[in-house]
*Asks:* 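Handing you a structure now.
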Amino acid sequence: CACGGFATFGFANAFGVFQAYYQDRIPGATQSTIAWIGSLQYCLIFLPGLPSGHMTDKGWLKLPLAIGSIVLVTATFLIAECKTLWQLILCQGFAIGGAAGFVFPPSLTVVPQWFDKKRGRAYGLLAIGSAVGGTTLPIILRKLLDSVGFEWTVRILAFILLALLAIFNVLVRPRRTYHKHELPKTHLVTLFKNKPYMIYTAAITIVWLGMYTPLGFFDVSAQSIGVPPSRSFYTIVAANASSGVGRFTSGFWADQLGSMNVLILFSSIAAVMAICWPYAHSFASLLVVAILYGFSSGAFISLLPSATSYMVPRHQLGRAIGLSGTIMSVGALVGNPISGQILIVSGGFDAVGAWAVERQILKREEEEKPKKGDELANRITTKTLNISTFGAAMSPLPFTVLSLALAPLLASATAQIPIELYSPLIPQKLLATSQKFTSPGTTYPQWTTITPSDGKWQFFKTDTWTSGFFPASLMLMYERGQKCGGSSLISQQDASTSLDEGRLWSVPLTGLETNNTVKHDVGNPANTTAATHIKAFAAYLAGRFNPTVGCTKSWDIGTPPEFPVIIDNMINIELFFIAADLLGPSDPNYSLYRFMATSHADHTMVNHIRPDGSTYHVVTYDANTGAVLHQGTAQGYSDSSTWSRGQAWGMYGFTSMYNRTGNATYLDTARRLSTWYINHLPEDNLVPFWDFNAPSTPTPPRDTSSAAIASSAMLFLSQMETRVGNQTGSDLWRDNAISLLRDTVALGFRGQNEGWESILSNGTANNPNLNNNTGLTYGDYYFIKAGNMLLDMGLANCSSGSGAITNPYSPGSTTHKSAGKCRSLSVRNNRT
């Protein structure tokens, strides 16, 4: 990617040498007309961004790279044959710029596919290529112009570009290509509806009007104060060299402070340097300005795609970065020619510097436009006309300070919580499913059709371990109605109907409290309407407890004395605590149930969890001695692998145990499991594969149900960290949960016209049985639950539509607040 940046943006950054060379050798050309060549080159690097980005999203990365590279090298060779201004505009402006537009933007899209946690640094390293090009090419070009002449200088440049682009085309590749069934149907209009993204794009378009004015005119400015051409070009070299340092180091700061925060800081520094530029009347002072301006502008430029990548799902990155570039190209096109015309009219660089700083200050004001309305629009119009003197640049400075003070609020516009968590489609789908039966509760949805994968629910008998999740989902929608009833998120009518339907679908489950063939997971259908049934379920589960083993038995399989226990049962044992609370401390079973729960958790902690924090799915004990006979899997890839949904069950279960007991050992265990989980997620989309150790070829199916469970678990864990005063930990789990939810939506959320009855697709029920790429009732349940938890935590509100999200943080920030207290799974299930 750095090689591509050298050959495209680095080439464009060296245009100052051509600007100075052409002004004395092209008859009738002015500073303004020559500047159109460089502006076209800058503009067209970005203008084809939308089509090239769309091709990248579709998996056609290599095609635009190859076409663009061939045209770019060919056009560079043709510059040597150009004799007139229009020929140079055609070759160096249109052809090279347009070709670069099919090389540079796709390279920006590849980076976030490979990097998530250190994305800012990755973009910084990518941007070094253009900085190195902008630093070395002016020196090379100036020396060659004096020794071999213009024609061979350009030809040598073309050979350099050929070598770099050959390396670029061979080495750059996407992390993976999505299969058709993995990509949700999205349209370009969704980007235009993304308000934070469009505000950001408008802002960077304004700043681009002035960003490259100093870089295009430093050389000419130096010559205007008497610096000979043999030395004046070093101002460009200095600016581009320091730009490389700024591009590299800004990535580290962005990963810590947030890309948007760092962008605002460095655009402000660049504006100050543009103010100082006209007052640099010596070569030394001009070099200082060039270095500081190069450093700050380089930092700003390198982080533009990084900030964009946090505003959209991964499958839209190509189009989002490309659309920003296409719109931003307008600023790149007209900025330098306007500066050149100002230079001609004013006869000096005072007004040129004012134009540069005006655009950068107006950019920060435009970012605040939603808060300022018509007043700001009038102010922008006034200042756009008032660029004739340097004094015009000083008037908005107080507002610049205000913009910087409001930077955290501006950064929060990059809302991370996916609005699909609160889509009206969720209650619509649930109620449509619940009301299709005249006698609800005879069968229950578990997964959607596998062949064909059309999203239609498959129904199973009541005596199935997943039966409780559907009525529990209806009860969650009732809870959402209690929080947000009457808003666009859920109507009062839908909330009331969800309660009624949830009760209807719960009644048939009560018979399982004394007789069922599932045996394990009797805690899951605990959303009954009477405390009596909860106590009965707990008594049934207690009957499966073996005091010698110290756990409840999961399956009645195997040869005695085999006693299988699965990691999933960490979810069920909370039923013991609920029943104990209902019985009260005076009841003999109060202490017994609490003991059974803690004993099961303690043995699971020792025997299911590996030293590195990963988990076994199944541990088989000797029922007579309590000894461990086998540690392995039933639904994972191998006995030594980690089944992703099992890891998520453990995360939630141990967080729940800490919530119930206050035992710090359970909190530490939840942290270990969660840390292992997030450290082993794929980079291209965080939704885990069905097993973390599944072979990468062929591409394994993913499991959105694991992602939904783990997201809820980390939000729960975030609340527990807040309880113990560990705000850093709370922020960590919260941020990772929301990132995982975003990618879950990007991969699996099924919209209005896609025909799916489930909320999510791409779940894996049992991959060894080839049950994958399906909707799962428990995946939907935990997806809804995560949305409710975010409401409880104060991270989302019930306003309306896309404005429903109040997300008080930006990527990388560590100074956020969480509020509220999260209730656990079975408490929600047992709401009466």
*Asks:* Any chance you could lay out the side-chain contact (heavy atoms from CB on, under 4.5 Å) test for Phe300 and Ile269, step after step, and finish with the verdict?
*Replies:* CA-CA 10 Å; Phe300 177 85; Ile269 295 174; over 6 Å; no
*Asks:* Rounded to the nearest 0.5 Å, what separates atom CG in Leu144 from atom CD1 in Ile156?
*Replies:*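 Rounded to the nearest 0.5 Å, the CG-CD1 separation comes out at 4.5 Å.
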*Asks:* Let me confirm one number: the OG1-CZ distance from Thr76 to Phe159, rounded to the nearest 0.5 Å.
*Replies:*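 Answer rounded to 0.5 Å: 11.5 Å.
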*Asks:* Supply the atom-to-atom distance Thr235 OG1 to Tyr293 OH, rounded to the nearest 0.5 angstrom.
*Replies:*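 Here the rounded value is 13.0 Å.
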*Asks:* Give, for atom CG of Leu292 and atom CG of Leu287, the distance between the pair rounded to the nearest 0.5 Å.
*Replies:*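 So the gap between those two atoms works out to 11.0 Å.
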*Asks:* State, to 0.1 Å, how close Ser242 and Ala290 come at their nearest heavy-atom pair, and which atoms those are.
*Replies:*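 Here Ser242 and Ala290 meet closest at OG-O, 3.9 Å.
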*Asks:* About how many Å separate CG of Leu88 and CG of Leu78, when rounded to the nearest 0.5 Å?
*Replies:*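 Reported to 0.5 Å precision, the distance equals 11.5 Å.
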*Asks:* What pair of heavy atoms forms the shortest contact from Ala80 to Arg155, and how long is it?
*Replies:*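 Taking Ala80 first and Arg155 second, the nearest heavy atoms are CB-NE, 3.9 Å.
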*Asks:* So for atom CZ, which belongs to Phe94, do other residues, nucleotides or ligands contribute more than 12 heavy atoms lying within a distance under 6.0 Å?
*Replies:*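 No, the 6.0 Å shell around CZ holds no more than 12 heavy atoms from other groups.
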*Asks:* For a quick test of reading the model, state the closest non-hydrogen atom pair linking Ile291 to Ala238 and the distance between them.
*Replies:*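 Heavy-atom minimum between the residues: CG1-CB, 3.8 Å.
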*Asks:* Under the side-chain contact (heavy atoms from CB on, under 4.5 Å) criterion, do Leu157 and Thr153 qualify, and how do the steps go?
*Replies:* CA-CA 6 Å; Leu157 172 62; Thr153 294; 5.8 Å; no
*Asks:* Got a second to check how far Ile96's CD1 is from Thr74's OG1, nearest 0.5 Å?
*Replies:*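 OG1 of Thr74 is found 10.0 Å from CD1 of Ile96.
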*Asks:* Can you name the nearest heavy-atom pair linking Ala99 to Gly68, along with the distance?
*Replies:*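 Here Ala99 and Gly68 meet closest at CB-O, 3.3 Å.
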*Asks:* Specify the closest pair of heavy atoms between Ala75 and Ala95, including all atoms of both residues, with the distance to one decimal.
*Replies:*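 So the two residues come closest at CB-CB, 3.6 Å.
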